[in-house]
Amino acid sequence: MTKKDSEIEGVRQAIQRYIDGSYSANVEMLRKIFHPKALMSGFLQGKLLIGSPEPFFDDIGKHPSMAETGVPYQAEMISIDVVGQIASVTLLERGFSGALNFTNYFHLLKENDEWKIISKTFTSE
């Protein structure tokens, strides 16, 4: 495996932790994958949200998980690009919380040999 392949795999694993944490409502896992200064901005059912991921963590933590409720949630990484210690990922989510579909653009940084999400931009469909 080349260094670039290894970095792509590291980014893929980081986003997989985001997917797993979202599906299982594991707020601790989600907090660990986001950089402490991360931003999360986008459109949720037409409403513009700009800020930190804290409202997302709060919302995930106060509802039963998609795993518990059997929601048919699907997530697919459709692109991963890595250049040095920065990366971008496009993630499609279908059936989030049962009814929402998202297109997400993640940006990640590699800090202290660990990939962290520094920003997430999203829109719901």
Side-chain angles (χ1 to χ4, degrees):
M1 179 181 294
T2 68
K3 175 146 177 69
K4 176 124 181 166
D5 290 342
S6 175
E7 296 298 353
I8 289 170
E9 180 59 20
V11 169
R12 189 197 66 71
Q13 289 175 9
I15 297 300
Q16 188 61 52
R17 285 193 301 278
Y18 166 86
I19 294 166
D20 296 344
S22 295
Y23 184 67
S24 64
N26 186 333
V27 175
E28 184 178 325
M29 179 187 291
L30 290 168
R31 283 187 192 283
K32 286 180 182 177
I33 194 58
F34 278 86
H35 189 278
K37 295 190 179 201
L39 296 174
M40 183 182 281
S41 306
F43 292 91
L44 179 60
Q45 297 180 314
K47 181 180 177 187
L48 177 61
L49 304 173
I50 298 176
S52 79
E54 285 303 319
F56 173 67
F57 299 151
D58 291 343
D59 189 58
I60 287 283
K62 68 182 172 186
H63 297 290
S65 74
M66 292 183 279
E68 289 176 275
T69 59
V71 168
Y73 169 70
Q74 296 178 335
E76 178 185 5
M77 289 178 243
I78 61 168
S79 71
I80 299 174
D81 190 30
V82 178
V83 178
Q85 292 180 262
I86 63 171
S88 66
V89 176
T90 301
L91 176 72
L92 300 180
E93 294 177 292
R94 300 294 174 249
F96 192 95
S97 292
L100 296 170
N101 298 321
F102 286 96
T103 299
N104 304 290
Y105 299 106
F106 290 93
H107 291 109
L108 298 90
L109 299 171
K110 189 172 187 185
E111 182 180 54
N112 299 322
D113 210 35
E114 190 173 3
W115 286 102
K116 297 279 187 174
I117 297 167
I118 191 66
S119 70
K120 173 186 169 187
T121 307
F122 63 90
T123 190
S124 65
E125 303 162 23

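Computed from heavy atoms alone, side chains included, the values below leave out hydrogens, waters and symmetry copies.
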| message | Do Leu49 and Phe56 have side chains that approach each other closer than 4.5 Å (heavy atoms only, starting at C-beta)? | response | no
| Heavy-atom closest contact (His63 atom, Ala25 atom, distance) | O-CB, 4.5 Å
| remark: Exactly one candidate in Ile78, Asp81, Ile15, Asn104 meets side chain to side chain contact (heavy atoms under 4.5 Å, CB included) with Thr90; the answer is Ile78
| field | Qualifying residue for side chain to side chain contact (heavy atoms under 4.5 Å, CB included) with Val11, from Ile117, Ile80, Ile86 | value | Ile80
| Shortest non-hydrogen separation from Ala87 to Val82 and the atoms involved | CB-CG2, 3.9 Å
| query | For Tyr18, is the NZ or CZ atom of Lys120 found under 6.0 angstrom from the centre of its six-membered ring and inside 45 degrees of the ring axis? | reply | no
| query | At what distance, to the nearest 0.5 angstrom, does CZ of Phe43 lie from CD of Glu125? | reply | 13.5 Å
| Joint hydrophobic cluster, Met77 plus Met29, side-chain heavy atoms closer than 4.5 Å | no
| message | Looking at every non-hydrogen atom in both residues, tell me the closest pair between Leu91 and Ala75 and how far apart they are. | response | CD1-CB, 4.1 Å
| query | Quick check: are there more than 12 heavy atoms from other residues, nucleotides or ligands sitting under 6.0 Å from OH of Tyr105? | reply | no
| query | Could you state the interatomic distance from CG (Asn26) to CZ (Arg17), rounded to the nearest 0.5 Å? | reply | 11.5 Å
| said: So does Leu92 get a backbone contact from the side chain of Glu76, meaning a donor-acceptor N/O pair under 3.5 Å? | reply: no
| request: Provide the closest heavy-atom pair for Ala38 versus Pro53 in the form atom of the first, atom of the second, distance. | output: O-CD, 3.4 Å
| query | Between atom CD1 of Ile19 and atom CG of Leu30, what is the distance when rounded to the nearest 0.5 Å? | reply | 11.0 Å
| Are the side chain of Lys116 and the backbone of Lys32 linked by a donor-acceptor contact shorter than 3.5 Å? | yes
| said: Does the plane of the ring in Phe96 sit parallel, tilted or perpendicular to the ring in Phe102? Use 30° and 60° as the thresholds. | reply: perpendicular
| field | Partner of Ile118 by side chain to side chain contact (heavy atoms under 4.5 Å, CB included), out of Leu39, Leu108, Leu109 | value | Leu109
| query | Between Asn101 and Gly95, is there a donor-acceptor pair closer than 3.5 Å when you use the side chain of the first and the backbone of the second? | reply | yes
| said: Within the structure provided, determine whether Val71 and Ser97 are in side-chain contact (heavy-atom separation under 4.5 Å). | reply: no
| query | Which atom names give the shortest non-hydrogen contact between Gly51 and Ser41, and what distance separates them? | reply | N-OG, 3.8 Å
| request: May I ask you to say whether Glu9 pairs ionically with Arg12, meaning some side-chain N is under 4.0 Å from a carboxylate O? | output: yes
| Smallest separation among heavy atoms of Phe57 and Arg31, with atom names | CD1-NH1, 3.3 Å
| said: Is the shortest side-chain heavy-atom distance between Met40 and Phe34 below 4.5 Å? | reply: yes
